[in-house]
Amino acid sequence: MNIIKAVIVEDELAASKNLVDLLHRENPEIEIIEVLDSVKSTVRYFKEHQDFELIFMDVHLGDGICFEIFEEIELNKPIIFTTAHDQYAIETFKVNSMYYLLKPIQQKELTNAILKFKKNNYNSIQKQFDVLFENIKTKRQHYCSTFLIPNRGDIIPIKVKDFAFFYINRGVVRGVTFLAGSYTMEKKMQELEKDLDPEVFYRVNRQFIINRDAVDKINYPFYGKIKVTVIPEIDENIIISKEKSKDFKNWLMNG
């Protein structure tokens, strides 16, 4: 049996432990030789070590986005990315034929990723990274800046930045502005998520997408979960799952 040496780059301890458990469950030929938890430590390690064949890498790390690593070093190793919510990163992975896993990682998806790694010939990976990172950096120019909102026979242009949050109410998507105006949106939540800059807006759950500036406070009503209070107030509980809680806090702190 050929041993595949792998490195994990993941800042959440529970997530890295879960990945190790999943790997060992069905892929005993994979040996985890290092677990790294930041952009800084990963750059330092990769500058000194190249004795591995595969990397599992989270997109959002505690001190930045993982693509910053490739501005510091040249790397020609296959990577399987993991991400909880970054819609544009997912679309970019698809375009560049890179494999990614959505958190929480499922055993079947992980197995498929390993099979793809074994079959593919990873040539010119650094060139793919360069294109990928450049796309990520320039994407913000292409997010929607104004929504055209039908209102009583008229169409009202409202700046996207003026929306505090979007939510589903009885099957209808509504946008609420910081001035407490409430408007019916013609887009579905999935479509809105693609139009919104993820540096400014975060989809906290199936029902809500919130603006960073709308967050008033957070607390912990249940173990590991987060309750978010927004401005303007809404008579709904905005709950973030345990799996998303750390990613949400990193997003909130690093904006």
Side-chain angles (χ1 to χ4, degrees), residues 58-60 64-68 81-98 100-103 131-216 226 228 230-234 236 238-241 243-245 247-255:
D58 188 17
V59 172
H60 293 278
I65 192 167
C66 72
F67 305 113
E68 295 170 15
F81 292 94
T82 63
T83 183
H85 72 91
D86 195 327
Q87 183 62 40
Y88 182 67
I90 291 171
E91 293 173 1
T92 308
F93 296 153
K94 290 178 180 178
V95 169
N96 287 277
S97 299
M98 292 178 168
Y100 66 93
L101 295 167
L102 285 176
K103 295 180 177 179
V131 173
L132 181 79
F133 190 53
E134 189 60 34
N135 287 342
I136 291 288
K137 289 194 295 184
T138 60
K139 176 60 179 177
R140 296 187 71 176
Q141 303 172 10
H142 305 293
Y143 289 116
C144 186
S145 62
T146 302
F147 286 133
L148 301 180
I149 309 295
N151 186 50
R152 299 178 182 178
D154 297 324
I155 295 180
I156 305 174
I158 302 178
K159 296 293 184 183
V160 172
K161 64 181 178 63
D162 292 334
F163 281 94
F165 55 86
F166 303 90
Y167 74 110
I168 300 175
N169 180 27
R170 297 180 181 179
V172 177
V173 177
R174 301 193 65 81
V176 177
T177 67
F178 285 102
L179 297 177
S182 181
Y183 303 92
T184 299
M185 308 299 296
E186 294 185 319
K187 295 177 179 287
K188 296 180 180 179
M189 290 292 272
Q190 293 89 337
E191 295 171 325
L192 276 176
E193 192 174 6
K194 292 180 181 180
D195 287 339
L196 300 171
D197 185 346
E199 294 297 319
V200 181
F201 291 90
Y202 188 99
R203 185 162 187 180
V204 296
N205 54 35
R206 292 172 61 88
Q207 189 179 3
F208 279 88
I209 299 174
I210 62 176
N211 188 320
R212 182 190 306 279
D213 292 336
V215 178
D216 181 37
I226 289 177
V228 182
V230 293
I231 298 176
E233 294 182 0
I234 184 172
E236 298 271 357
I238 305 177
I239 304 295
I240 302 177
S241 68
E243 291 75 18
K244 270 193 170 185
S245 62
D247 186 68
F248 171 74
K249 288 187 289 184
N250 285 338
W251 170 81
L252 200 58
M253 289 187 297
N254 296 321

Answer yes or no: is there a donor N or O on one side and an acceptor on the other, between the side chain of Arg212 and the main chain of Trp251, under 3.5 Å?
yes
Between Tyr202 and Lys244, what is the shortest heavy-atom contact and its length?
OH-O, 3.7 Å
Distance-only donor-acceptor hits, side chain of residues 149-169, under 3.5 Å, sequence neighbours excluded:
none

Check against side chain to side chain contact (heavy atoms under 4.5 Å, CB included), Val173 and Glu191:
CA-CA 11 Å; Val173 177; Glu191 295 171 325; over 6 Å; no
First locate atom CG of Asp247, then atom OG1 of Thr83, and finally report the distance between them rounded to the nearest 0.5 Å.
7.0 Å
To the nearest 0.5 angstrom, please state how far the OG1 atom of Thr82 sits from the CG atom of Leu101.
7.0 Å
Could you pull out the closest heavy-atom pair between Phe248 and Val204, with the gap in Å?
CE1-CG1, 4.0 Å
Close side-chain approach of Asp213 and Phe178, heavy atoms under 4.5 Å:
yes
Step by step, work out the side chain to side chain contact (heavy atoms under 4.5 Å, CB included) result for Asp195 and Phe201.
CA-CA 10 Å; Asp195 287 339; Phe201 291 90; over 6 Å; no
Are any of the side-chain heavy atoms of Val176 and Ile234 separated by less than 4.5 Å?
no
Take Glu243 and Lys103, measure what side chain to side chain contact (heavy atoms under 4.5 Å, CB included) needs, and give me the verdict at the end.
CA-CA 8 Å; Glu243 291 75 18; Lys103 295 180 177 179; over 6 Å; no
Is there a side-chain contact between Ile240 and Asn205 (heavy atoms, below 4.5 Å)?
no
Of all residues at least two apart in sequence or in a different chain, which pass the side-chain hydrogen bond (donor to acceptor under 3.5 Å, both in side chains) check with Ser145?
none
Between the CD1 atom in Ile209 and the CE atom in Met189, the distance rounded to the nearest 0.5 Å is 4.0 Å
Within the structure provided, determine whether Gln190 and Arg203 are in side-chain contact (heavy-atom separation under 4.5 Å).
yes
Only pairs at least two apart or in different chains count here, so list each side-chain hydrogen bond (donor to acceptor under 3.5 Å, both in side chains) that has a residue in residues 177-186.
Arg174-Ser182, Arg174-Thr184
